[in-house]
Structure formats: structure tokens, C-alpha cells
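Position 1 is the first residue of the sequence; numbering continues from there.
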Amino acid sequence: GVEGRPNSIKLYMPARTVQVLVKDSMVQGGVKLYVAEEFLAGHGLSPADVSVQQQVWQGAEQVMLDPVPLGADGCLHLKDTFEATFRLLGSTGEELACVASKDGLFRAYFPGEYTVSGSGFLANGAPADLPPTVPVGPCAVDAPPPVKAKPAKMTKSQEAAAPVPVVAAAAEQSEEALPARPRVDMARAYSGLHFVSTEVLDALDKAEAEEAENAEARVTHLAEAVASFGSGGVQEISESYKAFGLQRVSQDCWTFCEWVPNAAAVFLAGDFNAWDTSATPLAESTESAGLWSCTIRGAACARLTKGSKYKLFIRPMSGGDYWAVPAWSTCYTHTEGTGLLDAVCWPLEAPTDRSVAPAPAAEKIYECHVGLAGAREGGRSGFAEAAEALLPRVARNGYTSVLLIGALECKEYASMGAQPIGLFAPASRLGTPKDLAAFVQKAHSLGLRVLLSIAHDGAACCEDGLPGQFFPEGEAGFHPATGARLFDYSKQEVLRYLLSSINFWMTMYGIDGFRFQNVSSIIYEDHGMWVPTDPAELDEYLTADNKLNNAGVHYLMMATSLVHDIKKDATVIADEITNFPSLCAPVADGGLGFDVRQASAMPQHLRTLLRTRRDEEFGMAELVEAACRAKDARAGEKVLGCSEAYEHCTVGRRPLKIAMLSWETLHTIAAGGVAPHVTELSAALHDAGHEVHIFTRTVNGQTWEHPVWGVHYHEVAFQTSGDFVCEIENMCSAFVGHLLHVEHSVGGFDIVHGHDWLLGPAVSQP
């Protein structure tokens, strides 16, 4: 209640639409209109001279009905309506305008009695209920403007006794339009009240009940999923990083464990055994199918030192043998000869003397990519440089936390961490695991917490990325917009991998919380691409079947619970833009357990202001509202506001995979005028951050691949012929065949372009 008065509200409505839901019983009786005698006398009219012309909606248009005269008592009863918009007409058809309306129309928004008062505006109640007013007649143009009297100062007792209006909005009238009419305080609104029946209100209650049932069902299904892990639950399975991957047991013993389903044989090869693909075989577990492990001792163990490279050599049950990068590797390196990433032996130990930054009452987060934070011309910075140059400045400026983006190893540096190739290794371009650990330690010593932005919605689609068993088969395993491989949350080994990565970063590096990127892609079956943003429409959308990825929802509940179990004051941020209900509700109540929703409207709003208005016209209230996005937040949620985020600028356009088919280039065979165009265009596209592959004729009779200035050149061999047309057809078919082979390794191309007209039939073939 307002000022201690029950069942009352105060509304501030600058350019807002208010919708009030009431029952049918409150909208009976229609609208009864009176015209005060003072108003009629001011215009020299009697009740018989005045008529009412009502404005109504007919379809999508507003039309004026025929005028209806007032009764002899100066009253007109509109029995069949609960709101009325009308104009008053005099005896000669002249309009008697409302002084509180820009268009001169009177508006009644609720059933009841209304009187056109002597001052010329619509007042609540019958004439007998109104205080006496000054009659208003025709105004002289040269009449002096009214003098605004200074209000008398009231005592505190008088202020307490003074009435408080429910809606206080001054009617702003120009002095030129109404020079002689007295100013009055009145409520003015241009939005109506919308009334619904009890059936609609019951439907709203039903929607709330359905959401409560859904929350209860989520809790039940979550308990069933956790029970499948065994007695240790989520905590035990999240500690699998201590057993999987390459582990040093002692000075003369290493172990290795990996999940490789559908394999006939698995071998570990690397610098330690001279890359012998049969020297170190793995044995499949008899208890858990698909889990392969081995123990390394002796001379091979002595050669397995920090920095040595290793890989898996897999012999599948069907198909050819292939190399794979271990999923649980804690460090990678880029091998120039192959253009691929290799796993690197890098043993880690959890520090025992780590400093801890206290949890702030209110967080002020500095988002950064350390490769860009202190980059010098011609190079990039890393964890070590950022720890010295960046962190002290962040602490001095009053921030409480640092949010790292792009800190995990990715195939493409331009993706800024959106598509990692593994979830346990820091980006090798930014430094070593030791450098990252020192960065976190330095931040904690300055009182800064370190948050990590992680992409648990999917991973990079590439030859040296995560293997296919982590993702659904077919099109369901790819994001329709980004091309990322999507995790299969219904598999226990996938959950083991994801949950273990959370425990790993918090335990081994001291990370204080996470931002989960693209949470909508995890929650919805359509990955949040076609989800309505209006809360009411979203609630209706979620009641339909097959809209939610229930396995993904359960995973998020496990992940947030795990974070808070490890560190109670940790911060878990959801990058979620669809206004999903219960996102920040406790897991015990069926919510997803996030602490904060990141869905600020400020970046787009600020761009709109810069394009359309001058800076002196910016309003602080609208800036704060846009930053917090209060209109879209669910009740009780915290919203992470920002004026700019990396996703609005750096990763606004994802890198494309582009295939170019041409029979000549400047770096292979240059026979005509196409070569410079192909070469220069491909280099420019690469400089713009895209992945470019050129398929062209070979110069040595063999099919092979080599990079030139970052562009992948695929020189393709084909059968020659004395018939030129036949040879060109063979060349084009060979290009397309090799393109399909490459697509199987790196994922589908976004653009396939044939630079020669002869390639058209080959490219367009099904």
C-alpha cells in the first residue's frame, strides 16, 4: 500500500503502458457521463444543445459513431461499454475540447460515473460529488497568462493529513494554446486498462501451477540422474580428472585412461616411444566398456618428460586407422609441420599455499581477453604480461573480479573461446599452465577474484578436436548457426568430462566462478534460435512438448550445484537471453541454480542512442534501466549489466569456413588471369578471420596439403587425358571428391565457390 493505505498503488508512467487484470464483476454497469452546469454556462449552452460522439474500434481502424444527444438532466448512460473515448459537440457541431487531452477527446478508462467539469476536463464522480469549480468560457487571445501562485508551506501535521494521489502526472499545456484558462492538477494517460474474464485469470494461475509442476519434475529427474553415478554422486564423478588422461603416479610410473567407444585397439604414441604405434597398447576395461587404460614404466617413463608430445592411435571396429588428440590433455602445442595441435605432457599439482580473494558484497567485473589486453603491435600478450600490466590497473579502478574470455585452448584464435578443442588446457597462444596459475595467484593477492568464461554448449569441429563420441550423430550434433559440435548430455561419460572440467579449474587453478556461454543452446532443442522473448509467450512456449533439452537442463543443475558445493561464495553467471524461468532459482526448488543472468540491453540501446540522439539528450534513468534490463528480468533475479561485452563486438560475426575451387593460383600453377584474384581474395578473407581452403591442381602429381600465409592449399591429383574437356571434368570431380573428404575432418563449409565456369556442374552435383 501507498503511505500505509491498503490496496493502493502509486504508478509512475512516463511513456509506459500499464495493464491491469480484474474480474468481470468489476466492469459491470457501463459508463455514465454528466456535463457540469458550470461547463455549459461557460459556453452558453443547455443540456439539450450538447451531444456526445463516441470513438470506437472497427477492425483495425478507429471510427466516430453518430452523435447522441444528452438527456434533459445532462446525462448519457453508455450501458454496453466499460471504457469510452468521445468528443462533445455544441448546438452547431462545434467541438467542446477536453483541456487535458492533446487531441481534444475525453477518455474514461473504467466503468462508473464521470463528469465534464467546469474546468473542461473529465473528473470522476457525478456532479454532486465534485467540488465547485471556476466556469470556463471562450478565451480571448490577448488575455493575460495565469499567475502561478507559490504554494503555502505546510506543517508536518498538515502534510500528513494531505491526500496522496494514486497517480500524479501534471497536465502540460502550452501557454500559447490556453492563455487564460487556469491550471489544474490532473491525471493524464493515453493507455487504457484491459479487462479479462475470470477464465483468463484462472489460466494464468494454471500456468503458474504448471511451472511449479515442471520445477518439481526437474528435481525428481535430477535425483534419478545423480543416482546413476553411484554412491559418490556428482562430487565423485567430477574428480575423474585425477584418473583420466595422462597421470604421474610416481617418478617411475605414469598411467593413462581415455574413453574410446567402438574401438578394436588403442595405442599411445609420442616422443617417449619414438611415435611407435604399437609400442604402448591400451587395455579395455572389463567393467566399463569403452574405457581404455595403460601403465607406462621403465625407459619409456623416463622419456615422458614435461613438454614431450603424445597422441592416440586408434584402430576402430570398422574403417581405417586414425590419430586422435586425447580429450583430457592439460596442455597443447601447435605443430607447424602438420598444422595440427598435439597434446603435451604437463603434470599439474594443486597448490597448498594459495591465497584467496574475499567475496565482495556487490561485484564489479572486468571482462578481458589477455591476448588483447596488453597486445603490442606485431604480437599478442599473454598471461604473464597481463599479470604485470593489467591486474594492478584493474584493482586500482575498483573492480572486484576479472572475467577471462578465450582462456581455453581453441582451434581458431578469432573464436575468443567460443569453440574449444578441449576443456582442461589453457590457450597455448597465451602461455603455459604455469603462467595461468601465476596470473590467478597475482589476482588473488590484489584482492581480485578470477572468473572463467567456459563454453559447455559445444566444441570446435576439427580434425584435432574432441572425437565424435562426445556429440550426437548426424545433424543433431551440429549447431545450425555456429557449426559447433554440440555435446550429448544424455551420455554419462560426457557428463563426467564436463563436470570434471569444472572441478579441475577450481581445484588446480583456484578459479572463483564461471560464466556459462550460450546457455540457451543447452536448454532448448532449437538452441534458443526461435524462442519468444516475451515472458508470457515464453511461458506458453515452454508448456508445449519437446521444447526443452531435459538432459541439458539437468546438466546445468548439476554444474551449478557442483560449483557452489566446491566454493559456497562462487559466482555462476548465465549468458542466457530468452528469459528462461527459474534460471536463478535454487536447484532444490527446481531452478537451474545460477547466481546472475547476463542479458543486458545496454549495448544495443547505447548504439541506438548514438545513432539517433545527441548525448545531452540521454536520460540517466533509461541508461540504468537498459543496463539492468529490469523489464525482462524474472522476479528475484540478479542481472549483470554492462555497456559493452565481447560478444557484441569481437565475436559479432563468427569465422566462416570457405572453400575455393580453382585450377590455378599464384602459389601453384598460374596459367591465366584467375590466379591473382584467387590468391589475393583468399589471403584477404584469412586476414578477416575466416578459415579458407583452396582446392587446385597439384604440381608434383600427388594429393597433398600445405599452408601459405594461413590459407590451406589442397593440391589435388587427377587422371589426365588427351581430351581437354574430359581432363577438365576429371579435375573438377577430383576437387569435389577431395573437398568432401576434407569436410569429413573439419566440418561442413559455409561457402563453396568455384572460380572457373567449368567447376559449376561439379560443385552443384548432389
- Donor-acceptor pair between Tyr524 and Thr578 side chains, under 3.5 angstrom: yes
- Message: So does Ala734 get a backbone contact from the side chain of His738, meaning a donor-acceptor N/O pair under 3.5 Å?
- Response: no
- Item | For the student: nearest non-hydrogen atoms of Ala459 and Pro420, plus distance | CB-O, 3.2 Å
- Item | Under the side-chain contact (heavy atoms from CB on, under 4.5 Å) test, residues paired with Asn262 that sit two or more places apart | none
- So which pairs with a foot in residues 304-328 pass salt bridge (charged side-chain N to carboxylate O under 4.0 Å, His left out), sequence neighbours left out? Lys309-Asp342, Lys311-Asp342, Arg315-Asp321
- Query: Does Ser501 use its side chain to pair, donor to acceptor, with the backbone of Leu423 at less than 3.5 Å?
  - Reply: no
- Apply the test side-chain contact (heavy atoms from CB on, under 4.5 Å) to residues Asn503 and Ile566: give CA-CA distance (whole Å), side-chain angles for both, the deciding distance (0.1 Å), then the verdict. CA-CA 8 Å; Asn503 199 335; Ile566 297 174; 3.7 Å; yes
- Query: Distance from Ile237 atom CD1 to Leu499 atom CG, nearest 0.5 Å?
  - Reply: 6.5 Å
- Note: Arg429 and Cys410 closest approach over all heavy atoms is NH1-O, 3.2 Å
- Message: For Glu705 and Tyr713: C-alpha separation, side-chain torsions, deciding distance, then whether side-chain contact (heavy atoms from CB on, under 4.5 Å) applies.
- Response: CA-CA 6 Å; Glu705 174 189 351; Tyr713 278 76; over 6 Å; no
- Verify side-chain contact (heavy atoms from CB on, under 4.5 Å) between Tyr555 and Met557, making sure each step is shown before the conclusion. CA-CA 5 Å; Tyr555 163 68; Met557 298 171 74; over 6 Å; no
- Taking atom CH2 of Trp259 and atom CH2 of Trp292, what is their separation to the nearest 0.5 Å? 14.5 Å
- Where Val572 and Phe594 come nearest, the two heavy atoms and their spacing: CG1-CD2, 3.5 Å
- Query: Between CG of Leu466 and CH2 of Trp328, what distance do you get to the nearest 0.5 Å?
  - Reply: 11.0 Å
- Message: Are more than 12 heavy atoms, taken from residues, nucleotides or ligands other than Gln719, located less than 6.0 Å from that residue's CD atom?
- Response: no
- Item | Exercise: identify the closest heavy-atom pair between Leu312 and Leu268 | CD2-CD1, 3.9 Å
- Residues Thr432 and Asp435: side-chain donor-acceptor under 3.5 angstrom: yes
- Query: Are more than 12 heavy atoms from other residues, nucleotides or ligands located less than 6.0 Å from atom NZ of Lys491?
  - Reply: yes
- Task: For Ser453 and Gln517, test the side chains for any donor-to-acceptor distance below 3.5 angstrom and give the result as yes or no.
- Result: yes
- Query: Quick one: CG on Leu486 to CG on Asn549, what's the gap to the nearest 0.5 Å?
  - Reply: 9.5 Å
- Query: Regarding Glu743 and His741, is there a side-chain donor-to-acceptor distance under 3.5 Å anywhere?
  - Reply: no
- Query: Distance-only, no hydrogens or angles: does the Ser682 side chain make a donor-acceptor pair with backbone N or O of Val678 under 3.5 Å?
  - Reply: yes
- Check for a donor-acceptor pair, side chain of His690 on one end and backbone N or O of Val692 on the other, with a separation under 3.5 Å. no
- Query: Does a donor on one side chain sit under 3.5 Å from an acceptor on the other, for His753 and Ser662?
  - Reply: no
- Evaluate the side-chain hydrogen bond (donor to acceptor under 3.5 Å, both in side chains) criterion for residues Ser428 and Glu409: first the C-alpha distance (whole Å), next the side-chain angles of each, then the deciding distance (0.1 Å), finally the verdict. CA-CA 6 Å; Ser428 57; Glu409 186 66 78; 2.9 Å; yes
- Message: Could you measure the distance from the CZ atom of Phe580 to the CD1 atom of Ile523? Nearest 0.5 Å is fine.
- Response: 5.0 Å
- Given the options Tyr489, Phe470, Phe244, Phe471, Tyr497 meets ring pair (Phe, Tyr, Trp, His ring centres under 6.0 Å) only with Phe470
- Indicate whether any N or O donor in one side chain lies under 3.5 Å from an N or O acceptor in the other, for Ser520 and Glu576. yes
- Task: Using only heavy-atom distances, determine whether the side chains of His706 and Glu715 contain a donor-acceptor pair under 3.5 Å.
- Result: yes
- Item | Audit row: Val752, Phe749, side-chain contact (heavy atoms from CB on, under 4.5 Å) steps and yes/no | CA-CA 7 Å; Val752 179; Phe749 287 101; 3.9 Å; yes
- All heavy atoms of Tyr241 vs all of Phe424, minimum pair found to be CB-CE2, 3.9 Å
- Task: Can you measure from SG (Cys345) to OH (Tyr310) and round to the nearest 0.5 angstrom?
- Result: 6.5 Å
- All pairs passing salt bridge (charged side-chain N to carboxylate O under 4.0 Å, His left out) where residues 254-272 contributes a residue, at least two apart: none
- Any idea how Phe695 and His714 line up, ring-wise: parallel (<30°), tilted (30 to 60°), or perpendicular (>60°)? parallel
